[in-house]
There are 2 protein chains.
Amino acid sequence: MAARAEELCRERSVQFTALRREVLEAVAASERPPGAYDIAERLSKPGRRVAPVSVYRALDFLMELGLVHRIASRNAFVPCAHEHGAGENVVFLICRTCGGIDETTSPEVESSLGRTLARAGFTPAHSILEVEGDCGACRTRSQGAGRAGA
Amino acid sequence: MAARAEELCRERSVQFTALRREVLEAVAASERPPGAYDIAERLSKPGRRVAPVSVYRALDFLMELGLVHRIASRNAFVPCAHEHGAGENVVFLICRTCGGIDETTSPEVESSLGRTLARAGFTPAHSILEVEGDCGACRTRSQGAGRAGA
DNA sequence: CCGGGAGTGATACACTGTAACAGTGCCGAC
DNA sequence: GTCGGCACTGTTACAGTGTATCACTCCCGG
């Protein structure tokens with residue numbers, strides 16, 4: 001993850017600083033997509049306080065690079081699971097049971113959305129597609145209940 | 001707008017109170033999609049203060065009925081422009097120039113999204129699709145500039 | 001009259017995000 | 001080497017968004 005970030009930063013001649021790496025790692029390491037304040041708390045230790053505003057700046061930077069996505073419906077952040085550049089359409093699958101967020105792309109959705117927008121005379125710059133529901137793992141787990149081992 | 005709301009409330013045996021009507025009308029009357037605090041301010045007059053919390057309650061109620069939608073990327077609310085019930089998929093077109101938000105539906109997008117989700121083993125409960133860009137009116141206006149009359 | 005539920009008012013608070021300014025370190029110009 | 005500029009981070013303060021909690025009213029049925 002950090003390796004790709006470094007590469008991207010070299011390409012664009014921007015700095016991949018320690019704080020930015022730490023924020024990226026914090027996002028990547030979290031079970032559930034953390035909020036900015038969660039990240040700030042996580043990075044703060046006795047003797048070193050990371051303010052939310054610093055986290056926001058790092059997150060903005062990482063989002064610019066497409067390394068992190070923002071989940072608008074949750075005010076949370078997820079590491080980008082693919083290697084798409086910024087600007088590509090992503091579908092976020094938000095599990096309301098486990099709280100996990102998966103990411104997928106769909107050329108099919110993208111093209112049909114493109115047609116719909118064209119029909120409406122709308123020029124898209126950027127879109128958000130978030131679906132809340134139940135992920136396969138959680139559904140299986142709840143159906144196989146009663147003996148839902150470990 | 002209010003007529004349809006009253007009908008819906010009768011059907012479901014819930015109350016369409018004065019406050020709820022006022023909030024609905026405030027949302028419908030706004031040029032730009034207002035935030036909850038905007039609505040609260042709008043409904044407050046000397047001698048009568050409507051607290052944001054009351055507005056939120058009314059908005060929750062109205063969203064339940066599908067009369068109002070929440071724009072997650074803007075923390076704003078729009079009146080529902082269609083007569084779909086809750087649960088139907090809607091695409092929001094957010095113009096970054098005029099700030100207006102248009103609403104459309106697309107069975108095409110809906111079905112392709114459905115297939116994508118099925119492929120991912122994900123059971124959707126509810127989805128958010130918001131596109132930011134330029135609406136036709138604004139694009140025309142900026143291109144026809146220089147003589148952009150009234 | 002009494003009890004209970006729905007709705008609202010009011011206050012306080014938690015959470016999310018931004019503005020503004022100061023300090024630091026790096027790097028090129030001189 | 002020193003100066004000045006730039007990018008980055010720290011710090012404080014604040015604006016904006018949303019929720020918890022309790023009190024009160026109103027209505028309605030017993």
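Letters A, B, ... are given to chains in the order of the sequence lines, protein chains preceding strands, and every chain is numbered from 1.
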K.L.:
Who are the salt bridge (charged side-chain N to carboxylate O under 4.0 Å, His left out) partners of A:Arg74, not counting sequence neighbours?
P.N.:
A:Glu132
K.L.:
Quick check against the 3.5 Å criterion: does B:Ser44 have a side-chain atom that pairs as donor or acceptor with the backbone of B:Ala40?
P.N.:
yes
K.L.:
For B:Asp134, check side-chain hydrogen bond (donor to acceptor under 3.5 Å, both in side chains) against everything at least two apart and list the hits.
P.N.:
B:Arg96, B:Thr97
K.L.:
For nucleotides 23-30 of chain D, just jot down a letter per nucleotide in 5' to 3' order: B, S or -, based on protein non-hydrogen atoms under 4.0 Å.
P.N.:
--------
K.L.:
What residues form a ring pair (Phe, Tyr, Trp, His ring centres under 6.0 Å) with A:Phe77, not counting sequence neighbours?
P.N.:
none
K.L.:
Considering residues at least two apart in sequence or located in another chain, which fulfil the salt bridge (charged side-chain N to carboxylate O under 4.0 Å, His left out) criterion with A:Arg10?
P.N.:
none
K.L.:
Just by modelled atom types, is the B:Gln15 backbone N or O under 3.5 Å from a matching donor or acceptor in the B:Arg20 side chain?
P.N.:
yes
K.L.:
Where along nucleotides 6-19 of chain D does protein come under 4.0 Å, by heavy atom, of base (B) or sugar-phosphate alone (S), with - for untouched nucleotides?
P.N.:
-SSBBBB----BBB
K.L.:
For the helix from C:dC1-D:dG30 to C:dC30-D:dG1, how many degrees between its two end axes (five pairs per end), to the nearest 10°?
P.N.:
0°
K.L.:
Once each nucleotide of nucleotides 23-28 of chain C is scored for protein heavy atoms under 4.0 Å, what B/S/- sequence comes out, 5' to 3'?
P.N.:
------
K.L.:
Tell me which pairs pass ring pair (Phe, Tyr, Trp, His ring centres under 6.0 Å) where either residue lies in residues 89-114 of chain A, with sequence neighbours left out.
P.N.:
A:His69-A:Phe92
K.L.:
What salt bridge (charged side-chain N to carboxylate O under 4.0 Å, His left out) pairs are there with at least one residue in residues 35-61 of chain A, not counting sequence neighbours?
P.N.:
A:Glu22-A:Arg48
K.L.:
Only counting residues at least two apart or in another chain, list the ones meeting side-chain hydrogen bond (donor to acceptor under 3.5 Å, both in side chains) with B:Thr123.
P.N.:
A:Arg139
K.L.:
Strictly distance-based, threshold 3.5 Å: is any side-chain N or O of B:Ser30 a donor or acceptor partner for the main-chain N or O of B:Pro33?
P.N.:
no
K.L.:
Would one find more than 12 heavy atoms of other residues, nucleotides or ligands at under 6.0 Å from atom CD of B:Glu31?
P.N.:
no
K.L.:
Salt bridge (charged side-chain N to carboxylate O under 4.0 Å, His left out): which pairs involve residues 111-130 of chain B, sequence neighbours left out?
P.N.:
A:Glu108-B:Arg115, A:Glu108-B:Arg119
